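Presented below is the structure to which this report refers.
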Amino acid sequence: MTDDFELSDGGANHQKPRGDDDVMTTAQGHPIADDQNWLTAGPRGPQLLEDHIAREKIFHFDHERIPERVVHARGYGIHGHFELKKAIPQYSRAAVFNEEGVKTPTFTRFSTVAGNKGSPDLARDVRGFATKFYTQEGNWDLVGNNIPVFFIQDAIKFPDLIHAVKPAPDRGFPQAQSAHDNFWDFITLTPEAMHMVMWQMSDRTIPRSFRFMEGFGVHTFRLVNAEGKSHFVKFHWKPKQGLQSVVWNEALKVNGMDPDFHRRDMWDAVDAGDFPQWDLGIQVFDEEFAESFEFDVLDATKIIPEEQIPVEIIGTLTLDANVDNFFAETEQVAFCTQNIVPGIDHSDDPLLQGRNFSYLDTQLKRLGGPNFTHLPINAPKCPVRHFQQDGHMAMSNPKGRANYEPNSWGEGTGEERGPRACPMNGFQSYPAQVSGPKVRVRSETFADHYSQARQFYISQTPVEQTHMANALTFELSKVERMDIRKRMVGHLRHIDDGLAQEVADGLGLTELPDKVPAARDPITDLPESPALSIIKNGPGNFKGRKLGIYIAEGADADVVKGLKDAATAAGGMVEIVAPHVAGAKLSDGKMMEADEKIDGGPSVTYDAVAVVMSDASAKRYNTDKPSIDFVNDAFAHAKFVAYVPAVKPLFETAGVWNWMDDGFVDVSSGKDAVSDFIEKCGKLRFWDRESVKQD
Ligand code: HDE
């Protein structure tokens with residue numbers, strides 16, 4: 001009888017039923033004859049509880065959800081690897097930093113912070129950037145964000161911050177938004193948040209894609225070398241794709257059009273083999289620098305400008321495999337800031353220290369027991385040996401008799417003695433001097449709240465500064481209480497009077513509110529840091545970006561082909577949009593298939609657009625709302641637009657024909673014009689259009 005059963009590769013006692021490989025079974029392995037009809041007493045009679053197949057199916061379904069993350073609930077994970085390009089034994093003994101060319105497997109999860117699991121991707125929000133490195137010496141989790149500072153300085157304030165930004169407890173809204181009273185009430189009573197708020201109100205919080213944003217470890221960490229010498233370090237992820245964000249009006253529309261915009265973009269890019277990459281950079285400094293720096297390096301509301309301590313690139317992260325199962329991998333991955341390896345250590349940053357408690361605690365709640373390290377996505381890829389045992393869902397249990405230490409099993413006893421601690425290679429905490437009275441105070445060295453907020457603001461291009469003023473005005477306009485609006489403007493006056501005035505004007509305040517009392521007068525002459533601007537750090541080419549070509553019946557086939565070829569040759573992706581999803585017949589009489597019907601492929605989903613139609617089609621669609629929006633939004637969002645003169649009737653009703661600027665390129669003349677267009681697209685947006693509108 002047993003000969004008829006095939007052993008599965010899953011484990012010693014796991015067998016498959018006779019017959020075909022794809023026979024459905026219960027979780028207990030019973031082959032199922034009918035999975036669609038509950039056992040009943042007679043065809044129209046009551047259902048029987050005896051039906052173990054139906055009951056198991058429903059029981060399991062009832063328990064499908066685990067608690068979503070209390071913050072960063074909405075996220076997207078991708079596998080990859082980190083390749084070390086430059087060994088740094090002088091700073092760290094960590095294996096991951098010592099052998100050039102070695103590839104360490106990784107899992108990275110990007111996320112938004114405030115929204116729940118089903119919230120839209122383009123909320124104005126900080127993005128999480130968490131990477132688990134499965135190193136030879138155990139897992140190292142770098143749990144960072146796309147912004148290098150944080151709202152608060154001490155972890156004990158985190159629940160207040162998160163309560164304030166999440167939906168109000170009485171009404172249960174607004175979802176995934178900071179534009180409401182509770183958030184701004186908390187922020188304006190928390191001056192330490194001002195630097196972070198400047199980043200939050202910048203385009204950093206509406207990234208075009210996860211692929212086009214930076215990542216930061218935020219805190220100061222330590223690197224410790226083989227001699228036990230320590231340096232401080234800050235970690236940076238620099239996207240090889242360059243930086244890019246959307247504009248706010250576009251973000252709002254993307255959310256309606258495609259709430260999964262970011263995860264879809266990542267899935268599509270990885271699926272297409274266009275693997276995104278980030279360089280890992282380190283800013284290394286010693287105690288002496290820390291002492292001389294204007295701000296406290298343990299204060300997570302401060303950066304160290306790259307112009308002051310350069311970022312040294314030491315390796316590259318490549319994200320090259322989508323998950324097989326979202327729940328098993330992205331949902332169950334458990335990042336813990338306390339997962340560090342020998343050669344990396346914590347600093348006394350009070351935000352980091354609090355996080356080291358919180359993450360382990362949160363995983364216990366989310367994953368239901370202490371054995372979440374047994375799940376494949378969390379399990380280290382190096383040997384694991386210890387005397388921990390049992391607990392919920394224990395899957396990898398040690399063999400043998402010894403489950404304690406010290407023990408005297410081992411040689412000659414016929415039993416394994418089990419693992420032993422290793423003082424030479426094991427993790428050693430850096431023996432930093434610690435002394436002082438037990439107190440609940442904030443260090444005086446954390447008291448400057450405005451200087452770097454100002455530095456961030458003055459480092460932006462005028463376009464980005466305008467976006468910040470608009471974002472602040474938008475958010476504060478959603479705040480109902482006048483005193484909160486004014487209080488925020490009172491803070492802005494410490495940052496930049498011009499910005500304060502612009503926001504006051506935007507809010508319709510007749511008088512500029514008084515400055516909020518400052519714990520310390522800001523330093524006003526910190527130099528600009530170009531590294532802080534997105535526009536100054538764009539890619540300069542169209543690689544990895546998407547061109548949407550809107551075609552209709554009779555469109556010039558050569559022009560469409562020319563655009564497709566040129567965009568693809570530049571490393572871009574192309575999608576064809578048409579009035580019907582079947583596509584359109586071009587001037588050569590051939591049918592070109594569409595990727596999207598016009599109302600499913602609005603211009604907000606593309607980095608640049610082209611509209612190629614015959615005169616007859618342009619007349620036919622010049623009252624079609626999705627067609628008008630396609631053109632009008634592309635204009636309003638400062639996109640580059642390729643066109644042929646025949647589209648005039650549509651461009652006229654879209655209101656752009658008389659406003660066409662250098663961001664519009666007539667590509668009817670062929671190859672040169674098309675190349676000119678694609679080259680321009682490398683700038684991503686024609687920002688001059690925004691300033692023209694303001695005049
Ligand atoms: Fe987190 N944070 N955090 N955080 N955080 C969590 O852990 C927490 C902070 C960050 O993709 C939680 O697994 C406290 C800073 C990311 O799974 C929780 C404080 C930074 C992720 C938690 C902070 C982060 C989390 C919720 C104040 C940037 C998502 C679910 C000291 C450096 C990781 C979970 C993923 C997740 C606590 C502040 C980044 C509750 C107490 C600063 C990217 O443990």
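Indexing begins at 1, ligand by ligand and atom by atom, following the structure's order. In this text, all values refer to a predicted model and were calculated from it rather than measured experimentally.
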Protein residue, atom and distance nearest to [atom], heavy-atom basis:
atom                    : value
atom 24 (C) of ligand 1 : R355 NH2, 3.0 Å
atom 25 (C) of ligand 1 : H72 CD2, 3.2 Å
atom 28 (C) of ligand 1 : N145 ND2, 3.2 Å
atom 26 (C) of ligand 1 : V71 CG2, 3.6 Å
atom 43 (C) of ligand 1 : G144 O, 3.2 Å
atom 17 (O) of ligand 1 : R69 NE, 2.7 Å
atom 18 (C) of ligand 1 : S358 OG, 3.8 Å

Quiz item: Can we call the ring centroids of W199 and F151 under 6.0 Å apart?
Solution: no
Quiz prompt | Check: F235 ring centre within less than 6.0 Å of F216 ring centre | solution = no
Those atoms of ligand 1 less than 4.0 Å from some heavy atom in [X]:
X    : result
V70  : 40 (C)
G128 : 43 (C)
Q363 : 13 (O), 34 (C)
R109 : 11 (O), 17 (O), 35 (C)
A155 : 31 (C)

Grab the two heavy atoms, one from [X] and one from [Y], that are nearest each other, plus how far apart they are.
X    : Y    : result
T112 : R127 : CG2-NE, 3.5 Å
F285 : T220 : CZ-CG2, 3.8 Å
W278 : F210 : CZ2-O, 3.2 Å

Self-check item: Close approach, G75 and ligand 1, non-hydrogen under 4.0 angstrom
Solution: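 No, that is not the case, since the closest heavy atom of the residue is not under 4.0 Å from the ligand.
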Quiz item: Can a non-hydrogen atom of K157 be found less than 4.0 Å from any atom of ligand 1?
Solution: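 No; K157 lies far enough from ligand 1 that no heavy-atom distance drops under 4.0 Å.
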Self-check item: Selection from Y359, F335, F107 by shortest heavy-atom distance to atom 22 (C) of ligand 1
Solution: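 When every heavy atom of Y359, F335, F107 is considered, Y359 comes closest to atom 22 (C) of ligand 1.
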Self-check item: Worked verdict on L317 versus Q277 for side-chain contact (heavy atoms from CB on, under 4.5 Å)
Solution: CA-CA 5 Å; L317 173 73; Q277 291 189 310; over 6 Å; no
Quiz item: Judged by modelled atom types alone, do S209 and D265 share a side-chain donor-acceptor pair under 3.5 Å?
Solution: yes
Quiz prompt | Polar contact flag, side-chain donor to acceptor under 3.5 angstrom, S533-S459 | solution = no
Quiz item: Heavy atom under 4.0 Å from ligand 1: found in T362's side chain, backbone, both, or neither?
Solution: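 Side chain only.
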Quiz item: Where's the contact between V218 and ligand 1, heavy-atom distance under 4.0 Å: side chain, backbone, both or neither?
Solution: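 Answer for V218: side chain.
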Quiz item: Just distances here: any N/O of H219 and N/O of ligand 1 closer than 3.5 Å?
Solution: no
Self-check item: Working for side-chain contact (heavy atoms from CB on, under 4.5 Å), residues V224 and R93
Solution: CA-CA 6 Å; V224 186; R93 57 173 277 214; 5.6 Å; no
Exercise. Decide if atom CD of E312 counts as having more than 12 heavy atoms of other residues, nucleotides or ligands within a radius under 6.0 Å.
Key: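 It does: E312 CD has more than 12 such atoms within range.
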Exercise. Identify the residue among I534, I535, L243 that makes a side-chain contact (heavy atoms from CB on, under 4.5 Å) with D203.
Key: I534
